[in-house]
Amino acid sequence: MISGNTGQNVFLSGAGTNANVVVGNFIGLNATATAGLPSAGSQAGIWIRGGAQGNTIGATSGGRNFICGNNGAGVVVSDAGTDANIVVGNSIGVTPGGTTVANAQEGIVLFGGPQGSIIGGSTAGAANLISGNAAFGIGIYDTATTATRISGNSIFGNMGIGIDLFGGTQNGFRVTANDANDADTGPNNLQNFPVLTSAVLGTGTTIAGTLNSTASAITYRVEFFENTSGDPSGNGEGQNFVGAINVTTNASGAASFNTTLPAIVPADHVVTATATDPAGIRLSFPKTEW
């Protein structure tokens, strides 16, 4: 139990602070893990900064941290040189008993130029549960912060949108609009999101849509999620992962898809999607659309 301190609850800071592993903790919770016991001020649950590299928060098996009830964000990754840090398998905003004990800011926030961060993943147990937080699920806040891979997470019920980019002309709680051939720059290069045109139930769920992004045979991983409802932005968060496909853009930057996934999405739910560039230049943005 790491709670009620005067500074950050967990602080990994400075060049050479590398390859640490933080697993199996209650961070910001009381001894029974039923209510918050935050540190003073607006301190984070975990802050990685100042050139710390290759650290892992959580684990895919048996190492879940419960990061809840902090007065700041659940997890912060900041500064140039703070590269290749991994956040997997944690519960951020939800206690072991399944109740919400919100962090007072974002679930996870990145800013100041960290590169190559990984949040979640496609392997068993890698997904983070990010729910109930008082701002965005995940926020990435400046043009210098790119190559952030966000994959497979369960993100829902946060006060802001599921994943927010504060680059380009975006501000507040708006979803960043798509642009032709994804020519704009910003956090994660403001990766365009897939536009879904239909989701039809049968023996599985057949989902059709398009992605407009960088031209000339770039292959993107498109991940699909289902949600009980959309959020006020008109786009969904991403509560339950239901499957993924690869799509490749043509010379005009366009890709279309019509795929049947084995998962059955309940008829009154909505579907959202994300696009990820495996080349590592534009590594993720769940800007999602039904």
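Note that these values count all heavy atoms, side chains included, but never hydrogens, waters or copies made by symmetry.
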Any I130 side-chain heavy atom under 4.5 Å of I138 side chain: yes

D182 side chain reached by Q191 side chain, heavy atoms, under 4.5 Å: yes

Whether E237 side chain and G157 backbone form a donor-acceptor pair below 3.5 Å: yes

Exercise: identify the closest heavy-atom pair between F193 and T176: CE2-O, 3.5 Å

Residue list, side chain to side chain donor-acceptor pair (under 3.5 Å) with N153, at least two apart or on another chain: N128

Sequence neighbours excluded, every pair satisfying salt bridge (Lys or Arg N to Asp or Glu O under 4.0 Å) that has a member inside residues 23-48: none

Residues which pass side chain to side chain donor-acceptor pair (under 3.5 Å) with S78, listed by chain and number, not counting sequence neighbours: W47

Heavy-atom donor-acceptor pair, S91 side chain to V94 backbone, under 3.5 Å: yes

Test log, rule side chain to side chain donor-acceptor pair (under 3.5 Å), inputs T276 and E223: CA-CA 8 Å; T276 300; E223 295 188 354; 5.5 Å; no

Exam field: side chain T146 to backbone P187, donor-acceptor pair closer than 3.5 Å: no

D164 (side chain) donor-acceptor with F136 (main chain) under 3.5 angstrom: no

N250 side chain vs S252 backbone, donor-acceptor pair below 3.5 Å: yes

Verify same cluster id: V75, I2 (apolar side-chain graph, 4.5 Å): yes

Q53 vs N85, side chain to side chain donor-acceptor pair (under 3.5 Å): CA-CA, chis, key distance, verdict: CA-CA 6 Å; Q53 296 185 0; N85 293 287; over 6 Å; no

Residues I48, V76; criterion side-chain contact (heavy atoms from CB on, under 4.5 Å); working and verdict: CA-CA 6 Å; I48 308 172; V76 179; over 6 Å; no

Any side-chain heavy-atom pair of T272 and N227 under 4.5 Å: yes

Cluster link I207 to V222, ILVMFWY, side chain under 4.5 Å: yes

Residues L129, N90; criterion side-chain contact (heavy atoms from CB on, under 4.5 Å); working and verdict: CA-CA 6 Å; L129 170 61; N90 301 286; over 6 Å; no

Shortest non-hydrogen contact from Q115 toward A144: NE2-O, 2.5 Å

Side-chain donor or acceptor of T249 paired with backbone N/O of T214 under 3.5 Å: yes

Nearest-0.5 Å distance, CG of residue N30 to CG of residue L37: 6.5 Å

Contacts of F156 that satisfy ring pair (Phe, Tyr, Trp, His ring centres under 6.0 Å) - sequence neighbours left out: none

Hydrophobic cluster membership, L201 vs V271, 4.5 Å side-chain cutoff: yes

Partners meeting side chain to side chain contact (heavy atoms under 4.5 Å, CB included) with N71 (sequence neighbours left out): P38

Side chain proximity check, D277 to I218, heavy atoms < 4.5 angstrom: yes

Single-linkage hydrophobic cluster L196~L211, side-chain heavy atoms < 4.5 angstrom: yes

ILVMFWY cluster, F26 and I108 together (side-chain gap under 4.5 Å): no

Qualifying side-chain hydrogen bond (donor to acceptor under 3.5 Å, both in side chains) pairs with a residue from residues 254-266, counting only residues at least two apart or across chains: T206-T260

Any residue meeting side chain to side chain contact (heavy atoms under 4.5 Å, CB included) with Q43, in chain and number order, not counting sequence neighbours: Q8, S39

Heavy-atom check, side chain of N103 versus side chain of I92, under 4.5 Å: yes

A127 versus G152, closest heavy-atom pair with distance: CB-O, 3.1 Å

Minimal non-hydrogen separation, T17 against A52, with atom names: O-CB, 3.2 Å

Side chains of N188 and T145 in contact at under 4.5 Å (non-hydrogen atoms): no

Reported OG1-to-CG distance for the pair T219 and N246, which is rounded to 0.5 angstrom: 6.5 Å

Side chain D179, main chain D184, donor-acceptor under 3.5 Å: yes

Closest approach of N20 to N55 (non-hydrogen atoms, all atoms of both residues): N-OD1, 2.8 Å

Derivation of the side-chain contact (heavy atoms from CB on, under 4.5 Å) call for L29 and V101: CA-CA 8 Å; L29 285 166; V101 176; 4.1 Å; yes

Any donor-acceptor pair under 3.5 Å from N65 side chain to G24 backbone: yes

By side chain to side chain contact (heavy atoms under 4.5 Å, CB included) - contacts of D79 (at least two apart): R49, T82

Sequence neighbours excluded, every pair satisfying salt bridge (Lys or Arg N to Asp or Glu O under 4.0 Å) that has a member inside residues 239-260: none

Trace of the side chain to side chain donor-acceptor pair (under 3.5 Å) decision for N9 with N70: CA-CA 9 Å; N9 280 321; N70 297 282; 2.8 Å; yes

Student check: side-chain heavy atoms of T274 and F225 closer than 4.5 Å: yes

By side chain to side chain contact (heavy atoms under 4.5 Å, CB included) - contacts of I86 (at least two apart): T56, V88, I118

S154 side chain vs Q239 backbone, donor-acceptor pair below 3.5 Å: yes

Connected hydrophobic set around V23, excluding itself, where side chains approach under 4.5 Å: V21

Euclidean distance, N240 CG relative to F224 CZ, rounded to 0.5 Å: 15.5 Å

Qualifying salt bridge (Lys or Arg N to Asp or Glu O under 4.0 Å) pairs with a residue from residues 102-128, counting only residues at least two apart or across chains: none

Ring centroid separation F257 to Y220 under 6.0 Å: no

T185 side chain to N189 backbone, donor-acceptor under 3.5 Å: no

Heavy-atom side-chain contact between R221 and S122 under 4.5 Å: yes

Taking every non-hydrogen atom, the tightest pair across G28 and S3: N-OG, 3.1 Å

Verdict with supporting geometry, L110 and S117, side-chain contact (heavy atoms from CB on, under 4.5 Å): CA-CA 9 Å; L110 302 94; S117 303; 3.4 Å; yes

